[in-house]
Amino acid sequence: MSGSGKYGKNDEDLDLIIEIRRDFVRDTPVDDLGRPDRLNALGTALSDRYNKLGDLADLDEALQHVQEAIALSPDTPHRISLLNNFASALNDRYVRTGALSDLEEAIRVGWEVVNSTPQNDPDLGEWLANLSIGLSDRYLRTGAVADLEESIRVARASLKAVSSDHVDRPLWLNNLSIRLGERYSLLENIADLKEAIVVGREAVDASRKHGLDLAKPLNNLGNRYGELYAKTGDTAAFEEALRLTRDSFMATPKDHPDRAIIQRNLGARFYDHYSKTEKGIYLIKAIKSRQLALRHPTASPDIRIDAGRLLVRDCAMAGYWRIAYDAASVALSLVSKLDLRSLEFSDAQYILGQIVGLASDAAAIALRVGADASTALNFLEQGRGVLAASLLDIRTDTIKSLEEDYPELAANFVRLRRAVELSFTSDDTSPHNTAESPWQTRGKVRHEAAVELDNLISEIRKKPGFESFLLAPTDDEIKAAAKKGPIVVVNVSAYRCDAILIETNSIQSINLHKLKLEDIQQRERTGSLWHPRVLSWLWDAVAGPILNSLQITKAPLNSGDYPRIWWIPTGALSRFPLHAAGYHGKGSDTTVIDRVMSSYSLSIKTIIDGRRLRSPATLTSRRAVLVAMPDTPEQKTLPFARDEVAMLDKFCRAMGLESTVPERRKKDVLSHISGCTIFHFAGHGDTDTNDPLQSHILLEDWQSDRLTVASLLETNIHDSRPFLAYLSACGTGQIRDEKSIDEGIHLINACQLAGFRHVIGTLWEVNDETCVDIARVTYEELKDGGLTDESVCRGLHKATMQLRDNELNSMKATRKRGNNSARSLDMSPVGYRESTMGTGRLPRDVLVYESDDEDDMPTSHWVPYVHHGI
């Protein structure tokens, strides 16, 4: 929605204009022919104030009024103008919130406006320019180059649609310059950059001639000269970039949200010059600029967080650790202001992906400056697992006491959390109607409910005894979470690596001086994370020092007395098997598995909230859902999957569970999961490299309707208290998308967030027959020990230890026969026979080794199995 395009109106003028126009709308009957114009005028004023002060409530209200105006103007001449304003405001809201549905609708409406406008219409240039901006935003979000090319084409068309002296031509020139700059950033074609500078200069000159706002064209031109300096090293380009950006800053009112963006860009100019000249004064200037951007009060949270992220990096380079600590603290405090509850899950995932690693860096810096372990842990809880925490807040049983003391508040909380949880995915393909689009109905309800829910939570926290309602856990709550065994958070950062050890009486940290981020990354690139050299390195660098600090120095005397430990690795270390660390070939207890039973979690909050659920002893459901996929369309045959489920059917009946085998299709499986005690899947799994929400298990209809992470996140079965999801498939705990690593978006965590108390899964590919062996031992323990929290962890621990020991014994026997120098090595578990070759079982890629060192022998099949739970 376009306003005045100038910064001239003061706040008092705008406030007065808005109140007058509100009065006009209030006094105008719904059937009055002048109501649409008055609604639009009010929306325009609110949009102006949003652009000036950044209050999202103004933009939301503007959209509401223009939408009503459109609904009242089905066949009027002004409808096209109203639609353009609607699309423009939607695009503005997308930029602020990241809601992709807003952007998609803005583009759809934008095309409708352009295609409905005659070529000689004087407003066509504006319509085209607005559409160009939307297409560019979608390119920046999705990387679709076709959108960028179309954006440039439309931007050029917008200039052709207006005369050379048109008052708005400078705006469209600036738009084209920005779009050309984006293409230069992608393709590095210097011709694009040169044209962008020429067009940008023309935009500045024309803006000055027409008395238009100079801040935005000056800022854009400064960015283009900054790119020219980065490309050529021409000092004159740096000086011009600096001058233009400073002029843009001076042309922007002090309280305007754009000031933070310009300060951030000014920091980029100084940082680039520091990078080329290594003159420390320019790094200091970059730091000062980004400090101002971070602390600008009216800027949107994402802009301020990004400035904070860059500031942390710059301060670390300069050795200003205290300033870096303060910056990280402020930036992480802004994460809660990102309004994630009102977004689709994929939108929230994208936004948080822009700040991946910030929490780990903040924790490392906190410990470096001498802050206590609790402070570092709080940083990690603030900036990691944010999506999971948001879901758990509205799904877990948090309101029992509230229902007793304030039943009305509790009822409102339940109503609003259901509205917020309307949908995390959008599969609407029906024709849109601007007045009542399906996306809009869903998004509007969720957005309004999110705002109301935040207000309600603030009200609840004012009540005696509820001051910490849905806040991060306190130190006492965190220590209480370690009552079943220590919790270990392993923090990985370029600045340092540490372990935060949580026990019932303390929260302390130890520096892992042998653990370096570059070593983790190098071993990850090499692959073979199951290799003994990796496992022994994990012991020396991570697990050994941690267990020694916890005084877990040897194996228990009684095999039934293994202590439990919960691992919460961060960053790239999340892909490594900490539970398998150690020297396995020597037959000693210098291994994790010989000293403790391991479980994993995404965060402390996940453990605490999971334990708030009713214990399995109180469950009324006694049903096991068993799904085997030995034959999957276009996939290799898994002959042992059928044997696995047949075996489990007997175990389930022995445990008093009714076995159910649903149709092997997404809809049927999801419907049966609700109300079950155990869900066991034996088949193929697939990890989506680009979008972890689309990682899935493969059922019969996987080509047309996949059971994805997103599908599971949509499934809220907390009320039925399911006990165990066992995903006997490849890579169900795998994340390949670097930007999603902090959120832990994979099939295992999706099952936990859906409501399962425990989940067993895998870190990577697994052997078909081995899956049967692991499941058999695990379920034997469940049968003998009952459906208790400890029996799941103990069962998997027994299963993996037995397989480990069998593999070691098998290789020792092979070595004694003199076959250790053979050109190949049988990696099959004990019990595997050559008769199964060619049956299509899941293959394993095995490296060839010639070594007399037992610690250099690969023992891989037991390593990938993991337990997540409480």
Side-chain angles (χ1 to χ4, degrees), residues 623-654 657-673 676 678-687 695-708 711-712 724-734 747-748 751 759-780 782 796 799 803 827-845 860-862 864-865:
R623 182 162 55 87
V625 176
L626 309 178
V627 179
M629 289 295 299
D631 300 298
T632 305
E634 297 189 6
Q635 301 295 316
K636 293 180 180 178
T637 299
L638 301 176
F640 291 101
R642 185 179 289 105
D643 297 341
E644 182 175 339
V645 167
M647 171 196 68
L648 295 180
D649 176 62
K650 297 177 182 177
F651 276 115
C652 288
R653 282 190 275 111
L657 298 176
E658 175 191 354
S659 295
T660 300
V661 180
E663 292 294 318
R664 299 176 301 175
R665 305 177 70 83
K666 172 186 171 181
K667 182 178 179 181
D668 296 292
V669 170
L670 286 178
S671 67
H672 280 78
I673 285 177
C676 75
I678 293 176
F679 167 56
H680 189 102
F681 172 79
H684 287 289
D686 183 74
T687 302
S695 296
H696 55 281
I697 57 175
L698 278 67
L699 299 167
E700 288 180 352
D701 56 347
W702 74 271
Q703 293 160 303
S704 59
D705 193 16
R706 296 178 174 178
L707 203 165
T708 63
S711 306
L712 289 165
L724 170 66
Y726 193 125
L727 305 179
S728 188
C730 295
T732 51
Q734 195 172 48
L747 286 161
I748 291 177
C751 284
V759 188
I760 290 175
T762 61
L763 293 176
W764 52 74
E765 292 79 8
V766 288
N767 173 277
D768 185 21
E769 187 179 11
T770 298
C771 289
V772 183
D773 296 333
I774 294 290
R776 175 179 53 79
V777 178
T778 301
Y779 279 88
E780 279 178 349
L782 284 174
L796 185 62
L803 182 56
M827 286 300 302
S828 304
V830 172
Y832 178 76
R833 297 291 180 264
E834 289 186 1
S835 60
T836 62
M837 292 294 289
T839 60
R841 68 172 181 85
L842 183 67
R844 293 291 303 224
D845 295 326
S860 67
H861 286 173
W862 64 277
Y865 294 91

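Keep in mind that the numbers below use all heavy atoms, side chains included, and drop hydrogens, waters and symmetry copies. Predicted model only: the values in this text are computed from it and were never measured. This chain uses plain numbering: 1 for the first residue, then up along the sequence.
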Inset, instruction - Dump the intermediate steps for side chain to side chain contact (heavy atoms under 4.5 Å, CB included) on T778 and Y726, then the final yes or no. - result: CA-CA 10 Å; T778 301; Y726 193 125; 4.1 Å; yes
Legend entry - Chi angles and distances behind the side chain to side chain contact (heavy atoms under 4.5 Å, CB included) call for L699, R665: CA-CA 6 Å; L699 299 167; R665 305 177 70 83; 5.7 Å; no
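The backbone N or O of W702 sits less than 3.5 Å from a side-chain atom of R706, completing a donor-acceptor pair. Side-chain atoms of T732 come within 3.5 Å of backbone N or O of T762 as a donor-acceptor pair. Checking side-chain atoms of H672 against main-chain N and O of F679 turns up no donor-acceptor pair under 3.5 Å. Panel note: side chain D705, backbone K667; no donor-acceptor pair is recorded below 3.5 Å. Put simply, the side chain of D768 gets close to the backbone of F640: a donor and an acceptor are under 3.5 Å apart. No donor-acceptor pair closer than 3.5 Å links the side chain of R664 to the backbone N or O of V627. Between the side chain of T770 and the main chain of H861, no donor-acceptor pair closer than 3.5 Å is present.
Contact annotation: the side chain of Y865 approaches that of V766 to within less than 4.5 Å [non-hydrogen atoms, C-beta and beyond]. The shortest distance between side-chain heavy atoms of Y779 and L724 falls below 4.5 Å. Using a 4.5 Å heavy-atom cutoff, the side chains of T708 and K666 are not in contact. Between T660 and C676 there is no side-chain heavy-atom pair separated by less than 4.5 Å. Taking the side chain as every heavy atom from C-beta outward, L782 and F651 never approach each other to under 4.5 Å. Between D686 and H696 the shortest side-chain heavy-atom distance falls below 4.5 Å. Contact annotation: the side chain of S728 approaches that of H680 to within less than 4.5 Å [non-hydrogen atoms, C-beta and beyond].
Taking CG of L763 as the start and SG of C730 as the end, the distance is 12.0 Å to the nearest 0.5 Å. Remark: L648 CG to L626 CG distance equals 6.0 Å, nearest 0.5 Å. Distance OG/S860 to CG/L803: 9.0 Å, rounded to 0.5 Å. Taking CZ of R776 as the start and NZ of K650 as the end, the distance is 12.5 Å to the nearest 0.5 Å. Rounding to the nearest 0.5 Å gives a distance of 10.5 Å between CG of D649 and CD of E658. Note that the CG atom of L638 and the CG atom of N767 stand 10.0 Å from one another [nearest 0.5 Å].
Residues L747 and S695 approach most closely at CD2-O, 3.9 Å, considering heavy atoms. Across all non-hydrogen atoms, the minimal contact from M629 to E700 is CE-N, 3.6 Å. Scanning both residues, L670 and S711, for their nearest heavy atoms gives CD1-CB, 4.4 Å. Closest of all the heavy-atom pairs between L698 and F681 is O-CZ, 3.6 Å. Contact between L657 and R623 at its shortest, heavy atoms only, is CD2-N, 4.1 Å. Closest of all the heavy-atom pairs between I774 and A799 is O-CB, 3.5 Å.
Counting heavy atoms of neighbouring residues, nucleotides and ligands inside a 6.0 Å radius, atom CD of E663 does not exceed 12 of them.
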